[in-house]
Amino acid sequence: MSDTTPGLVTVFGGSGFVGTQVVRALAKQGWRVKVAVRRPNLAQDLRVNGDVGQIQPVRCDITRPADVEAALKGATAAVNLVGLLFEGPGGKFAKSHIEGARTIAETCAAHGIARFVHISAIGADAGSEAAYGRTKGEAEQAILAALPTATILRPSIVFGAGDGFLNRFASMATLSPALPLIGGGKTKFQPVYVGDVAEAVARAIVSPHAQGKTYELGGPAVWSFKDILTYILRETNRSPILAPIPVFAAATLGRVAGLTAMVGIPPVLTRDQVLMLKVDNVVSPGALGLADLGIEATGLEAIAPSYLWRYRRGGQFAENPRDPETLPA
Ligand SMILES: NC(=O)c1ccc[n+]([C@@H]2O[C@H](COP(=O)([O-])OP(=O)(O)OC[C@H]3O[C@@H](n4cnc5c(N)ncnc54)[C@H](OP(=O)(O)O)[C@@H]3O)[C@@H](O)[C@H]2O)c1
C-alpha cells in the first residue's frame, strides 16, 4: 500500500515533550515532517534531527479548521499530539481535545489520508469524572467516527528527560519539606518511556495491522504513586515527608491552586488532576500494547537516573546514594 511508504507527515503538537521524540523517530524512518504548532519559532531546534529541509515547523492552531487544512496540504499521514493538562489562556479541553482532533480526522478523511495516529491517554473515557479524561474519551469517539482507519495510542504517564511528572515532584522535593501523597499514594501507574512511545507512533503509522486499532502503552512495571515518589526521593537524595492527603482535601486544594491557570501560570495541581488520580492508570487486561508493535518496554530505573541527578544537592558532583562505593561497608 502506497500510504505506508514514508512520504510527508504532519505532526500536530510536534514541539512538545512527546512530540519532539516522535518527530525524531519519524525523520529517522525517512518521513518528511511538517511540525504544526502555534509557536513554530519554538520548534526550530527540531530541524537538526533530520537532513536539510526534512523537518519544517509551520504555524497552525488545530482549533482553526483553515490552519489544519493548510497544514495537511500534500501530507500522506498525520499524527496528533495536542493535549492540555489544564485549561487557561493556552486553550480549553473541549476545543483543543475534541474539536481540534475531529477537525484533523475530518480533514484527513476529506483528503484521502488514511493513516492518522492520535495520542490519547489511559483514562480517556467519555464517562470520566475528570474533564481531561472525558474530553480525551470524546475525542477518540469523534476521530473514529470521522476516520475509522485512525490508530489511537493511549500512554500511561510518560517519563524521559524533560517529562512533567518525575521532574515536577523532584523539583518540589528540593523546595518543600513535604510532598502530597494524594489518596494515600495508592493510585497505580505504568510509566512508559518517551522513546518507546515515539517508536510506537513510527511503527503504527506504517503498519496496516494498526489501522482502526487502539493500543495502551505502559512500561514493564506497575508502580503506586507512593512507590514513584519514594524512588524519586532516593534517586535525588532528598528527604521531605510524604504527607497523606485525602482525595476530597486534595481536590479542594487543587481547586484553589488551579486558579493560577487563569493567568497562564502552570498550576502545581488542579482539581481535575486529583480526580484523574481516583482511577488507576495502567494498561487494561487484554489491551493491545507495545509488544504488539514489536517494542520491548524500557524500565523507569534504566532512564530516570540520567536526568534526576540534577535535583541532588551538588548536582552531578554529588555522591550517588546508590553508588556501591558510597554505601557503608
Ligand atoms: N506527558 C505525559 O505523561 C502524557 C501521558 C499520557 C498522554 N499524553 C498525551 O500525549 C500528548 C503529548 O503530550 P506532551 O506531554 O508532549 O504535551 P506538551 O509537551 O504540552 O506539548 C503539547 C504540544 O501541543 C502544541 N499545541 C497545544 N495546543 C495547540 C493547538 N491548539 N494547536 C496546535 N498545537 C498545539 C504545543 O505547541 P504550541 O503551544 O506552540 O502550540 C506542543 O507542541 C498529549 O495529547 C497528552 O495528553 C501525555
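One-based numbering along the sequence shown. Every number for a ligand or one of its atoms is a count from 1 in the order of the listing.
Not a single heavy atom of Pro40 sits closer than 4.0 Å to an atom of ligand 1. At least one heavy atom of Cys60 sits less than 4.0 Å from an atom of ligand 1. Contact annotation: Val82 has at least one heavy atom less than 4.0 Å from an atom of ligand 1.
For ligand 1, the atoms lying closer than 4.0 Å to a non-hydrogen atom of Ala121 are 6 (C), 7 (C). The Val158 neighbourhood of ligand 1 comprises atoms 2 (C), 3 (O), 4 (C), 5 (C), with distances under 4.0 Å to a heavy atom of that residue. Close contacts between ligand 1 and Val37 involve ligand atoms 34 (N), 37 (O), 40 (O), 41 (O), 43 (O) [criterion: under 4.0 Å to a heavy atom]. Close contacts of ligand 1 with Ser15, meaning ligand atoms under 4.0 Å from a residue heavy atom, involve 37 (O), 42 (C), 43 (O). Atoms of ligand 1 lying under 4.0 Å from any heavy atom of Asp61, numbered from 1 in the order shown and given with element: 30 (C), 31 (N), 32 (N). Residue contact check: Ser156 has heavy atoms under 4.0 Å from atoms 5 (C), 6 (C) of ligand 1.
Polar contact with ligand 1: absent for Gly90 (N/O pair, distance under 3.5 Å). On a distance-only criterion, Ile157 and ligand 1 share no N/O pair closer than 3.5 Å.
In this comparison of Arg64, Lys136, Arg39, Gln21, the heavy atom closest to atom 40 (O) of ligand 1 sits on Arg39. Comparing Ala101, Ser120, Gly91, Gly83 against atom 8 (N) of ligand 1, the shortest heavy-atom distance belongs to Ser120. For atom 46 (C) of ligand 1, the nearest non-hydrogen atom from the set Phe17, Tyr132, Phe12 comes from Tyr132.
With hydrogens and angles disregarded, no donor-acceptor distance shorter than 3.5 Å links the side chain of Arg154 to the backbone of Gly123. Between the side chain of Tyr193 and the backbone N or O of Gly299 there is no donor-acceptor pair closer than 3.5 Å.
Looking only at heavy atoms of the protein, atom 11 (C) of ligand 1 is closest to Leu81 O, 3.2 Å. With respect to atom 10 (O) of ligand 1, the closest heavy atom belonging to the protein is Ile119 CG2, 3.4 Å. Among all non-hydrogen protein atoms, the one lying nearest atom 13 (O) of ligand 1 is Val18 CG2, 3.9 Å. The shortest contact between atom 21 (O) of ligand 1 and any protein heavy atom is with Gly16 CA, 3.3 Å. In terms of protein heavy atoms, atom 29 (C) of ligand 1 is closest to Arg38 NE, 3.4 Å. The protein heavy atom nearest to atom 25 (C) of ligand 1 is Gly13 CA, 3.7 Å. Ranking the protein heavy atoms by distance from atom 32 (N) of ligand 1 puts Ile62 N, 3.0 Å first.
When each of Val68, Val37, Asp61 is paired with Phe12, the side chain to side chain contact (heavy atoms under 4.5 Å, CB included) condition holds for Val68 and for no other. The only member of Lys28, Gln54, Arg24 that meets side-chain hydrogen bond (donor to acceptor under 3.5 Å, both in side chains) when paired with Asn49 is Arg24.
Taking each heavy atom of Val82 and Asn80 in turn, the nearest pair found is N-OD1, 3.0 Å. Pro191 approaches Ala221 most closely through the heavy-atom pair CD-O, 3.8 Å.
Glu69 places a side-chain heavy atom less than 4.5 Å from the side chain of His111. At least one side-chain heavy atom of Ile205 sits less than 4.5 Å from a side-chain heavy atom of Trp31. Looking at Tyr132 and Arg134, their side chains never come closer than 4.5 Å, going by heavy atoms from C-beta outward. Residues Thr107 and Ile104 fail the side-chain proximity criterion, which asks for heavy atoms closer than 4.5 Å.
Distances from atom 17 (O) of ligand 1 to the protein include no heavy-atom value under 4.0 Å.
Connection of Val283 to Phe225 is not established within any shared hydrophobic cluster, with ILVMFWY side chains joined at heavy-atom distances below 4.5 Å, either directly or through further cluster members.
The side chain to side chain donor-acceptor pair (under 3.5 Å) check on Glu129 picks up Lys278, with sequence neighbours excluded.
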Side-chain donor-acceptor pairs under 3.5 Å in residues 250-267, sequence neighbours left out?
residue, atom, partner, partner atom, Å
Thr252, OG1, Phe248, O, 3.0
Thr260, OG1, Ala257, O, 3.3
Thr260, OG1, Ile265, O, 3.0

